[in-house]
Number of protein chains: 2
Amino acid sequence: MPFETKATITSFGGKLFKLSHPSSTTTTPMAVNLYLPPSALSSSTTPVPLLIYLSGLTCTPENCSEKGFFQHRASQLGLAILYPDTSPRGLNYPGETDSWDFGAGAGFYINATQSPWNVGYKMQDYITHELPQVLFSDPEYGKYIDSSRVSITGHSMGGHGALTLYLKNKGTYKSVSAFAPICNPSNCPWGQKAFSGYLGADNKEEWKKNDATELIKSQEWKGEKDARILVDVGTADGFYEKGQLLPEKFEEAVKEAGVGGVKVRYQEGYDHSYYFMASFADEHVEWAAKNLGLL
Amino acid sequence: MPFETKATITSFGGKLFKLSHPSSTTTTPMAVNLYLPPSALSSSTTPVPLLIYLSGLTCTPENCSEKGFFQHRASQLGLAILYPDTSPRGLNYPGETDSWDFGAGAGFYINATQSPWNVGYKMQDYITHELPQVLFSDPEYGKYIDSSRVSITGHSMGGHGALTLYLKNKGTYKSVSAFAPICNPSNCPWGQKAFSGYLGADNKEEWKKNDATELIKSQEWKGEKDARILVDVGTADGFYEKGQLLPEKFEEAVKEAGVGGVKVRYQEGYDHSYYFMASFADEHVEWAAKNLGLL
């Protein structure tokens, strides 16, 4: 099914499209925003590469579209940006809306195995398979995107999503970046709650398959010299201070696995908010653009 | 009374301070955000010029701090930004919170003359006198600001505020800019409702003193060759289409008064939102910076 266009907004010379489509993966309608830079929309259209941005807990496609300022540099460099939602909406599973860090708005970009979540909470499949397929084949929007050049980024839970989907699908994305990602969900309260609920409290082997700090040590990545991973963490991030992010664990794993091409930067004084993201959005867009052949 | 600092947030290498102070003008506590660029906070502090940003209907200091993107270029150029609130809060006058376009969040940057509004709704005095005085003399923040170099800008109702306070106080501000300003409030529904309530339905002479399209024709501005006024309006702005902004009336008045140095630009396809503002924030900050001697 093609996208339904709910709104079109001019932004930094390009267009932000608020879209919706029925998802067979999540069994719900899914909202998604798509930004097309001016170069994609010019009369001499050549398809532009795509950066997929995965949002954090509680967010919808709107938050980063409004407050992330990715469009600023994406407009200049000629990059499309896709802002998916963070979970299915409206399934009405018991407890689905009881917490802000589990259920609605908190899909964690994994495929749930536990009932009832294993029916609709398949955000991994949605982000890696169905959504790009819908976009690339869309009669209205597909022609603007070069499906062979895609990178991924994200914030917090979405940073975890970006890192894990990148590591699980070697070669699919040209690069990854993350703002304040949950780097080692198996060992932090957010991740333990989510993985217990979606994957089962005792299925620790399943947890490892969805944990960036474990995935980077896998056979597939061990010794990789050009991993193309950029991570920024603010030193005044309250969630970092409370041990929700654990970037040091990820760094240790990178070292243990002998992986090169990983930059983890600690940004002095920055918190967990969109103020932090906006401040480094230009650089993350440039990082993607460089790896997508635009710079 | 000095500012109380409620929060400090790192943004684009500088700091955004969420402040509060008791206002004798509005008779209430007033929230205000202050952005200081990195150059102001460096050890070799020389005071930086200031851009005052006036928000539109319903807004607080938060909206533009988060979604306006002014900090991006202000950080690079070394400009401080002040984000005041749009009205007193919590006076509990009858009807104060009944409408989104009158009362709380809708002070219109004028001094009300009608009871009960004439007690606390004195946003003109607050913005032009008390707030700068509090800032410039603040023991913590005053030293960072060059009180002799101030410009003003705003959006929608705040664009009306910026234009009228600039025109009423010739010489106080080095330049003005506005996004989608209410240019001729005497002749649009928003302005007529506000002016009727705050100034009296029959006091049309008082209305003229608070209307940019009238003020530009005053003796003080007639024939001025270097007015330093920049206005941007989106052509897909629903409020522009409904006759709430009337930039053409302002342009006619500028022409009639023989005023030079006024740029009114119509930006193709842009709406009334922060997406529009963010897209031109760099240019408006540059406009102020140029007139404040930074460029």
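Chain naming here is simple, since letters A, B, ... match the order of the sequence lines and numbering starts at 1 in each.
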*Quick check: are there more than 12 heavy atoms from other residues, nucleotides or ligands sitting under 6.0 Å from NZ of A/K249?*
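Check fails, neighbour count at 12 or below.
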
*What do you reckon, is NZ of B/K242 surrounded by more than 12 foreign heavy atoms closer than 6.0 Å?*
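Open: at most 12 neighbouring heavy atoms sit under 6.0 Å from NZ of B/K242.
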
*Is the shortest heavy-atom distance from the side chain of B/E66 to the side chain of A/Y274 under 4.5 Å?*
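Answer no - side chains too far apart.
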
*Any side-chain heavy atom of B/S11 within less than 4.5 Å of one from A/Y270?*
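Sidechains of A/Y270 and B/S11: no contact.
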
*Closest non-hydrogen atom pair, A/F12 against B/S279*: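 Shortest heavy-atom contact: N-OG, 2.7 Å.
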
_Taking the ring of B/H72 and the ring of A/F69, is the distance between their centroids below 6.0 Å?_
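Distance test on ring centres: not under 6.0 Å, no.
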
_Please classify the contact between B/E268 and chain A as side chain, backbone, both or neither, with a heavy-atom cut-off of under 4.5 Å._
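Backbone only.
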
*asked:* At a 4.5 Å cut-off on heavy atoms, which part of B/S65 comes close to chain A: side chain, backbone, both, or neither?
replied: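 Looking at B/S65, backbone and side chain both touch chain A.
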
*Given A/T8, A/T10, A/I9, the one that forms side-chain contact (heavy atoms from CB on, under 4.5 Å) with B/D271*: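 The option that passes is A/I9.
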
